[in-house]
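In this chain, residues are counted from 1 in sequence order.
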Amino acid sequence: EVQLVESGGGLVQTGGSLRLSCATSGIFFDDYAIGWFRQAPGKEREGVSCIRRSIGVTAYADFVKGRFTVSNNNAKNTVDLQMNSLKPEDTAVYYCGVAGGHVCSGDGLPGVYDFAFWGQGTQVTVSS
């Protein structure tokens, strides 16, 4: 059974930082990508970043470039999302999902429907 568990969310002031982690288990294919998405109240789920784990290719949404960094944490077997210079508009529930590695090519972000499995999400709240 494929399982993803997000952690690291919380309440932070504008300009602060948080580090989210996505722990995975049961993934049965060798080449896969982890995507980070977020969903604010009343809005659709939108892509934030992705990483193709086997070769480290990454991609970011324009609104997080220069502020967020996605990485493999091999020591913990997680995919982490370091979020710096947080803004109130970053407030959302953040989800990680898993898909075939080809969806994260470094040329734009994959869509929600590319991902078959999701975690339960972690709340990020940025106060002004």
Side-chain angles (χ1 to χ4, degrees):
E1 180 183 6
V2 176
Q3 291 188 329
L4 299 95
V5 180
E6 302 93 340
S7 62
L11 173 65
V12 66
Q13 291 184 335
T14 297
S17 298
L18 284 173
R19 188 176 185 89
L20 306 183
S21 291
C22 176
T24 66
S25 62
I27 296 176
F28 50 83
F29 37 106
D30 294 332
D31 181 21
Y32 63 92
I34 296 296
W36 281 100
F37 289 74
R38 68 187 188 185
Q39 189 164 17
K43 295 188 176 181
E44 294 185 350
R45 191 171 296 191
E46 62 180 357
V48 173
S49 182
C50 68
I51 184 167
R52 187 173 184 176
R53 292 209 71 181
S54 59
I55 58 175
V57 170
T58 61
Y60 297 91
D62 287 343
F63 53 79
V64 302
K65 283 181 180 177
R67 301 189 298 126
F68 291 11
T69 303
V70 64
S71 62
N72 284 320
N73 186 331
N74 293 325
K76 296 184 177 181
N77 195 28
T78 61
V79 170
D80 294 347
L81 184 68
Q82 177 67 41
M83 306 187 298
N84 298 327
S85 301
L86 283 162
K87 307 174 182 180
E89 50 264 45
D90 294 318
T91 295
V93 178
Y94 283 71
Y95 299 90
C96 62
V98 63
H102 65 283
V103 308
C104 187
S105 64
D107 184 19
L109 282 174
V112 171
Y113 295 104
D114 289 314
F115 292 80
F117 302 97
W118 296 91
Q120 81 291 347
T122 185
Q123 176 70 48
V124 171
T125 303
V126 184
S127 63
S128 58

Contact summary for Tyr32 and Thr24, nearest pair of heavy atoms: OH-OG1, 4.2 Å

Exam field: side chain Thr91 to backbone Pro88, donor-acceptor pair closer than 3.5 Å: yes

Atom pair CD1/CZ of Ile34 and Phe117 - distance to nearest 0.5 Å: 11.0 Å

Minimum heavy-atom distance Ser85-Ser17, with the two atoms named: N-OG, 4.4 Å

Under 3.5 Å: donor-acceptor pair, side chain of Asn72, backbone of Arg53: yes

Closest approach of Val93 to Gln123 (non-hydrogen atoms, all atoms of both residues): CG2-OE1, 3.2 Å

Option among Thr78, Asn73, Val5, Val79 that satisfies the side-chain contact (heavy atoms from CB on, under 4.5 Å) test with Ser21: Thr78

For Phe29 against Ala99, the heavy-atom pair lying closest together: CE1-O, 3.6 Å

Chi angles and distances behind the side-chain contact (heavy atoms from CB on, under 4.5 Å) call for Phe68, Asn84: CA-CA 6 Å; Phe68 291 11; Asn84 298 327; over 6 Å; no

Test log, rule side-chain contact (heavy atoms from CB on, under 4.5 Å), inputs Ser71 and Arg19: CA-CA 11 Å; Ser71 62; Arg19 188 176 185 89; 3.8 Å; yes

Side-chain touch Leu86/Thr14, heavy atoms, less than 4.5 angstrom: no

Atom pair OG1 (Thr69) and CG (Leu81), whose distance is rounded to the nearest 0.5 Å: 8.0 Å

Check: Asn74 main-chain N/O paired with Asn77 side-chain donor or acceptor under 3.5 Å: no

Linked, directly or transitively: Val70 and Phe115 (ILVMFWY side chains, under 4.5 Å): no

Derivation of the side-chain contact (heavy atoms from CB on, under 4.5 Å) call for Leu109 and Glu46: CA-CA 10 Å; Leu109 282 174; Glu46 62 180 357; over 6 Å; no

Spacing of OG belonging to Ser54 relative to CG belonging to Asp30, to within rounding of 0.5 Å: 9.0 Å

Cation-pi check, Arg45 onto Tyr95 ring (under 6.0 Å, within 45° of axis): yes

Interatomic spacing from CD in Glu6 to SG in Cys22 - rounded to 0.5 Å: 5.5 Å

Check: Ile51 main-chain N/O paired with Thr58 side-chain donor or acceptor under 3.5 Å: no

Within the 6.0 Å centroid threshold, strictly below: Phe37 and Trp118: yes

Nearest heavy atoms of Ala59 and Ser49, plus distance in Å: O-OG, 2.9 Å

Tyr113 atom OH: more than 12 heavy-atom contacts under 6.0 Å: no

side-chain contact (heavy atoms from CB on, under 4.5 Å) between Tyr60 and Val48, intermediate numbers included: CA-CA 6 Å; Tyr60 297 91; Val48 173; over 6 Å; no

Salt bridge flag under 4.0 Å for residues Lys87 and Asp90: no

Point-to-point distance, once rounded to the nearest 0.5 Å, from CD of Glu89 to CZ of Arg38: 8.0 Å

Distance-minimising heavy-atom pair for Gly9 and Leu20: N-CD2, 3.5 Å

